[in-house]
Number of protein chains: 2
Amino acid sequence: MRTLHADTGYLLYRLGLRSGQLFNTFLQESGLRLRHYAVLRYLATCEGALQRELSARLGYDPSAIVGLVDDLEKLGFAERRPAPDDRRSRIVVLTEDGRAFLRDTDQAGRRVTDELLTPLAPAERETLHTLLARVAGNGLA
Amino acid sequence: MRTLHADTGYLLYRLGLRSGQLFNTFLQESGLRLRHYAVLRYLATCEGALQRELSARLGYDPSAIVGLVDDLEKLGFAERRPAPDDRRSRIVVLTEDGRAFLRDTDQAGRRVTDELLTPLAPAERETLHTLLARVAGNGLA
DNA sequence: AACAACTGTTGACGACACCAATTATTGCGC
DNA sequence: GCGCAATAATTGGTGTCGTCAACAGTTGTT
């Protein structure tokens, strides 16, 4: 009987859990969790996003986005602005504090991935990243 | 600002979630979940295991193992036997039904990983698996 | 004007990780 | 042998999370 470790899908599942845990412990002191961090990082790339866009791109349920943006607003890292053309929507934008937080934690964030990929040489990490990106495909990530 | 997809750790986290979801939908009709399947597959390799061993090797909390083995016993896929040398421990063994279940679902299980790795050529899948196994390291997986 | 579709929001439910405490048993020091 | 720390399985509680249903406000269509 072949062992479970022989299954690439299960390896991905296991390492995904470990990676998420590492990220969360890294974010623990800031009061945020990985989900908040993902939203912040996404907002930093697009200069304002609708909540439904956050939901679609990050893969979280729309109802989850509500709470995440609430938390980020409470911390002063993001804020909701009314959408000019559609009064149903609200545009979430990064505040200066939020941008500063990303700058301050960027280095520590890289260390998390470094720690996870310790067993691999730089070239191997590059290969792994390329393959994972291919698997992630066009969709979110 | 670099995008979130540029982070290998986050990619792993995301793909881990997707892989787990794929496995769970594949197992949905059988009433099991990925955690149960992991226990079954492990039991198939060792011909009987203590619950603390399952906890350590699969990375689940000991309290979680209790419920998982309960479910597997209820389905007739595994059973607890008293350990001869230590009356505290109980040895969990696969039943014939459990072994048959693994045989019947083996092919479908492979399809799950195949579906996940669709974008990759066979040689690339091999490379990915090797790298992931290296990252997983000596410990569990 | 009537109606379907969409956005954000709230609420509920189950699954799950994590930790503390308990019971039964074992092994160790004395 | 006796006392005591350590261990295996179990129970329970807490917080997080994914998923779905329902809702109000708004938009677009016809």
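Values in this document were obtained by computation on a predicted structure and should not be read as measured data.
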Using a 4.0 Å heavy-atom cut-off, write out nucleotides 8-17 of chain C from 5' to 3' as B (base contacted by protein), S (sugar-phosphate only) or - (no contact). SBBB---SSS
Going by chain and number, the hydrophobic cluster around B:Ile91 (ILVMFWY, side chain to side chain under 4.5 Å) further includes B:Leu50, B:Val93
Once you round it to whole Å, what is the distance between C1' of C:dC6 and CG of A:Asp86? 8 Å
Scan the side chains in residues 119-129 of chain B for donor-acceptor partners under 3.5 Å anywhere in the protein, sequence neighbours excluded, and list what turns up.
{"unit_1": "B:Glu124", "atom_1": "OE1", "unit_2": "A:Arg134", "atom_2": "NH2", "d": "3.1"}
{"unit_1": "B:Glu124", "atom_1": "OE1", "unit_2": "B:Ala121", "atom_2": "N", "d": "2.8"}
{"unit_1": "B:Glu124", "atom_1": "OE2", "unit_2": "A:Arg134", "atom_2": "NH1", "d": "3.0"}
{"unit_1": "B:Arg125", "atom_1": "NE", "unit_2": "B:Leu117", "atom_2": "O", "d": "3.3"}
{"unit_1": "B:Arg125", "atom_1": "NE", "unit_2": "B:Leu120", "atom_2": "O", "d": "2.9"}
{"unit_1": "B:Arg125", "atom_1": "NH1", "unit_2": "B:Asp114", "atom_2": "OD1", "d": "3.3"}
{"unit_1": "B:Arg125", "atom_1": "NH2", "unit_2": "B:Leu117", "atom_2": "O", "d": "3.1"}
{"unit_1": "B:Arg125", "atom_1": "NH2", "unit_2": "B:Leu120", "atom_2": "O", "d": "3.2"}
{"unit_1": "B:Thr127", "atom_1": "OG1", "unit_2": "B:Ala123", "atom_2": "O", "d": "3.1"}
{"unit_1": "B:His129", "atom_1": "ND1", "unit_2": "A:Thr8", "atom_2": "OG1", "d": "2.8"}

A:Leu58 CG to D:dC17 P: how many Å, rounded? 14 Å
Grab the CG-P distance between A:Leu54 and C:dT7 for me, whole Å please. 13 Å
Applying salt bridge (charged side-chain N to carboxylate O under 4.0 Å, His left out) to B:Arg90 and not counting sequence neighbours gives none
Taking only residues two or more places apart in sequence, or in another chain, which ones meet A:Glu79 in a salt bridge (charged side-chain N to carboxylate O under 4.0 Å, His left out)? A:Arg81
Among residues two or more places apart or on two chains, list those pairs meeting ring pair (Phe, Tyr, Trp, His ring centres under 6.0 Å) that have a residue in residues 70-110 of chain B. B:Phe77-B:Phe101
